[in-house]
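One structure is given here, and the rest of the page talks about it.
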Amino acid sequence: MLFPPDKVVVSIYNVITWKNLTVHCKDKHHDLGTHVLQYGGNYKFSFKPNFFARVTLYFCRFSWEGGSHSFDIYDEDRDDCSLCVWNVLESGPCMHYAKYDECFAWKH
Ligand SMILES: *[C@@H]1O[C@H](CO)[C@@H](O)[C@H](O)[C@H]1NC(C)=O
């Protein structure tokens with residue numbers, strides 16, 4: 001990414017059918033606490049990416065009945081979005097674009 005945006009919004013949707021999803025996101029300095037999303041529910045947070053160091057990294061733990069995984073939800077090297085929309089499925093999170101979703105498998 002050449003110029004990171006001034007402000008990034010990460011928006012997370014629970015699309016795990018009929019299950020509640022607990023989301024707990026952090027970066028090195030901030031713990032955003034736990035949020036419970038019902039099926040179809042949304043949780044958003046925003047921050048200013050670190051323009052000079054290019055090190056902004058937010059990771060989240062996603063827990064539901066039958067699963068618990070963590071994922072780097074915003075990685076300044078990987079992501080090129082100012083509104084970063086994720087649909088979280090049992091198989092992994094999908095970055096939502098206008099015409100398609102890019103899905104990732106859980107690694108942790
Ligand atoms: C999800 O959470 C809501 C409120 O927190 C609760 O009323 C509901 O029973 C939960 N649903 C499931 C499927 O666990």
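Counting convention: from 1, in listed order, for ligands and their atoms alike. In this text, all values refer to a predicted model and were calculated from it rather than measured experimentally. The figures that follow rest on heavy atoms only: side chains count, while hydrogens, waters and symmetry mates do not.
- When the side-chain contact (heavy atoms from CB on, under 4.5 Å) test is applied to V36, the partners found at least two apart in sequence or on another chain are N20, T22.
- Listed as neighbours of ligand 1 are W18, N20, Q38, each bearing a heavy atom under 4.0 Å from the ligand.
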Kindly list each side-chain donor-acceptor pair under 3.5 angstrom involving residues 98-108, sequence neighbours excluded, with atom names and distances?
{"unit_1": "D101", "atom_1": "OD1", "unit_2": "H96", "atom_2": "ND1", "d": "2.6"}
{"unit_1": "D101", "atom_1": "OD2", "unit_2": "N87", "atom_2": "ND2", "d": "3.2"}
{"unit_1": "W106", "atom_1": "NE1", "unit_2": "E90", "atom_2": "O", "d": "2.8"}

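- F71 and F62 have their aromatic ring centers separated by at least 6.0 angstrom.
- Judged by distance alone, with hydrogens and angles left aside, the side-chain atoms of N14 form a donor-acceptor pair with the main-chain N or O of Q38 at under 3.5 Å.
- Between the side chains of S11 and N42, a donor-acceptor pair is found at a separation under 3.5 Å.
- With sequence neighbours excluded, the residues satisfying ring-ring contact (aromatic ring centres under 6.0 Å, His included) with Y43 are H35, F45.
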